[in-house]
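Everything below concerns the one structure shown next.
All values derive from a computational prediction rather than experimental measurement. Values below: all heavy atoms of this structure, side chains included; hydrogens, waters and symmetry mates excluded. Order of the sequence lines fixes the chain letters, A, B, ..., with proteins taken first and strands second; residue numbering starts at 1 for each chain.
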There are 2 protein chains.
Amino acid sequence: MGTTQLESVPEPKYWHLKTVLTEALDSEFSVGEILPNERDLAARFGVARATLRQALEQLELEGRLQRRRGVGTTVAPPRVGVAVGTEQHAWPGAPGDAWQAVDCTTAAPPAAVAGALETGRDEPVHIVRRTRMTHGQSVAAELLYIPESSVPELSAIDAPAGPARVRALLRELQRMELEGQDSAVELGSARADDAKELDRLPGAPVLVVTTRYFAEGRTAALSVATYRADTCRLTFGDSGGVEIHQDPQRRAS
Amino acid sequence: MGTTQLESVPEPKYWHLKTVLTEALDSEFSVGEILPNERDLAARFGVARATLRQALEQLELEGRLQRRRGVGTTVAPPRVGVAVGTEQHAWPGAPGDAWQAVDCTTAAPPAAVAGALETGRDEPVHIVRRTRMTHGQSVAAELLYIPESSVPELSAIDAPAGPARVRALLRELQRMELEGQDSAVELGSARADDAKELDRLPGAPVLVVTTRYFAEGRTAALSVATYRADTCRLTFGDSGGVEIHQDPQRRAS
DNA sequence: CAGTGGTCTAGACCACTAC
DNA sequence: TAGTGGTCTAGACCACTGC
């Protein structure tokens, strides 16, 4: 009765480790600095390497660390804010667009895309692959689906391949009046092709932003953009975003 | 020369396993169904349990599975779309608000919050804790920071504690004209208190939505909301969101 | 109580990077 | 070639759920 033992829950080691490392990162390391390797760190903390890795994985997920095979673990810079929802809507490819076209094909859409486009599974769509750069690093890869019926002029003349074709496609889109758009954000893991584009390993956590563009009473285009979750903070709305990390810890100064 | 050996890269086992399981989930299982336990599954696929778990973790991250200690692994329902960016901005607590207050304290703000509020580190803020329910399950936990200077009337009269105090606080806020708001979304991991609120383990992946509310030429309130990343799809914009998962796999029917 | 997922260990080997 | 992080194994024990 009345033992002083509160909190009988033993905190998992990797959780405690993460806390310790977080504090160390805040106080003793600066951005870009390389940490000791995993074997040394594990030994220093007296845990198995797998346990240490569990803590490192979480810190990487939170954007505090960056790990690269063959190189080492470094302290990551703060996440960059990337604007994904502007106040005034605009077609992809409009002036000021941050995206850069990579290539372009025409094929039958995946079932899920066909559903969102409310188009038949048989109607081919143009698929434009684009990437988005910020501060010299690529932060997102996008697949832009445009049904042939959205750009009827283009399919008739069979435009040239490559970048010229992309330009023609987007120019055709912009001739319509954009009636609205909406977006959704969810967590996903990078497919092999996206991972390559983003310089990450397959399965890396990404924020998937799906945007529908409405024109002429239907969905005229669909964009599926995958952003690096470790380095990006997606901003919506009036101004440039907020500088907050989820770090409501109070430090007794 | 010209060996047929393409793709000399050996695909990691857990990655292949994930693919196989994904296909099985699509074709052979229905929502809510329970999978065999991890030890059986690992044996069936001829891998160590840790390897199997790596695949399951990714599937849970993608919202395909739900795992609960002591119970088992079940097939998750599709993610629910939750609206976080309405076209017409509104104060927290406005009519139609999906949030429910839990409690309320007054304290010095964490340093990061003080920065975003552009208030002194010394000025106390009201901290309202709220939760958001959808379809009978809680999907988000929020901390709402309101500087005392944003609700001067309230601090003067020293309102009653509990829910009544929260109502008084939000009522005071709504007397100001909301001049704008902006939001940012980033990936995080659940703190212990949030995890408890969300019925998840600490460290579970969450989408952190940080919203600033502007009034009278400054930031009048700050909301930090953590959404369950496994079950939620955050929607912004005109209509109710998109029904797309990142699943551009084409099935040869 | 039996059965589940969660944590942890002490190894091993592989893929990649840089010198 | 040496050193890094990434994958994988075969165990063990713990915390939690439901009967």
Side-chain angles (χ1 to χ4, degrees), chain A residues 5 7-19 21 33-61 64-76 189-190 192 195-196 199-205 230, chain B residues 7-19 21 32-61 64-76 189-190 192 195-196 199-205 230:
Chain A
Q5 189 215 9
E7 288 291 347
S8 69
V9 264
E11 196 176 44
K13 281 190 185 178
Y14 79 91
W15 187 259
H16 180 245
L17 248 184
K18 188 191 129 184
T19 307
L21 286 172
E33 204 167 340
I34 64 178
L35 268 63
N37 71 55
E38 297 184 348
R39 290 163 181 86
D40 285 354
L41 273 181
R44 180 176 313 187
F45 287 108
V47 300
R49 191 178 156 217
T51 303
L52 174 81
R53 279 179 60 82
Q54 217 172 333
L56 293 186
E57 263 151 38
Q58 283 229 1
L59 288 172
E60 192 177 27
L61 199 82
R64 300 298 310 262
L65 292 181
Q66 195 157 356
R67 299 191 288 172
R68 281 192 302 166
R69 170 158 49 179
V71 180
T73 303
T74 60
V75 181
S189 49
K196 191 178 175 186
D199 191 29
R200 301 256 54 194
L201 290 178
D230 55 344
Chain B
E7 289 292 347
S8 70
V9 265
E11 197 176 44
K13 280 190 184 177
Y14 79 91
W15 186 258
H16 180 246
L17 208 49
K18 188 190 130 185
T19 307
L21 286 171
E33 203 166 338
I34 64 176
L35 268 61
N37 72 54
E38 298 185 348
R39 290 162 179 87
D40 285 354
L41 273 181
R44 180 176 313 185
F45 286 107
V47 298
R49 192 178 154 219
T51 303
L52 174 82
R53 278 179 61 81
Q54 216 173 334
L56 294 186
E57 263 152 37
Q58 283 231 357
L59 288 172
E60 193 178 26
L61 200 81
R64 300 297 309 262
L65 292 180
Q66 196 156 353
R67 298 192 287 173
R68 281 192 302 168
R69 172 159 48 180
V71 180
T73 303
T74 59
V75 180
S189 49
K196 191 178 176 186
D199 190 30
R200 301 256 54 194
L201 290 180
D230 55 344

B:R53: salt bridge (charged side-chain N to carboxylate O under 4.0 Å, His left out) partners, not counting sequence neighbours:
B:E38, B:E57

Work out which heavy atom in B:K18 is nearest to a heavy atom in A:S189; give both atom names and the distance.
NZ-OG, 3.3 Å

All side-chain contact (heavy atoms from CB on, under 4.5 Å) counterparts of B:R39, not counting sequence neighbours
B:N37, B:R49

Is any side-chain N or O of B:N37 closer than 4.0 Å to OP1 or OP2 of C:dG3?
no

Whole angstrom value for the distance that separates C1' of C:dG5 from CG of B:L56:
10 Å

With A:A195 via side-chain contact (heavy atoms from CB on, under 4.5 Å) - residues at least two apart:
A:A190, A:P202

In this structure, how many angstroms lie between the P atom of D:dG5 and the CG atom of A:L65, rounded?
11 Å

Not counting sequence neighbours, which residues clear side-chain hydrogen bond (donor to acceptor under 3.5 Å, both in side chains) with B:R200? List them please.
B:E60, B:D230

Reading nucleotides 6-14 of chain D from 5' to 3' and marking B where a protein heavy atom lies under 4.0 Å of the base, S where only the sugar-phosphate is that close, and - otherwise, the string is BBSB--BB-

Mind listing the closest non-hydrogen atom pair of B:L41 and B:P36 along with its distance?
CD1-O, 3.6 Å

Runs of at least three consecutive Watson-Crick or G-U pairs, both distances under 3.5 Å, are what I'm after; which ones involve DNA chain D?
C:1-18 with D:1-18

Name all residues meeting the side-chain contact (heavy atoms from CB on, under 4.5 Å) criterion together with B:T51; count only those two or more places apart in sequence or in a different chain, and write none if there are none.
B:K13, B:Y14, B:V47, B:A48

Could you state the atom-to-atom distance from CG of A:D199 to P of C:dT17 in whole Å?
9 Å

Among residues at least two apart in sequence or on other chains, which ones pass side-chain contact (heavy atoms from CB on, under 4.5 Å) with B:P205?
A:L187, B:L61, B:L187, B:A229

Looking at A:T73, I'd like to know whether one of its side-chain N or O atoms comes within less than 4.0 Å of OP1 or OP2 on D:dT4.
no

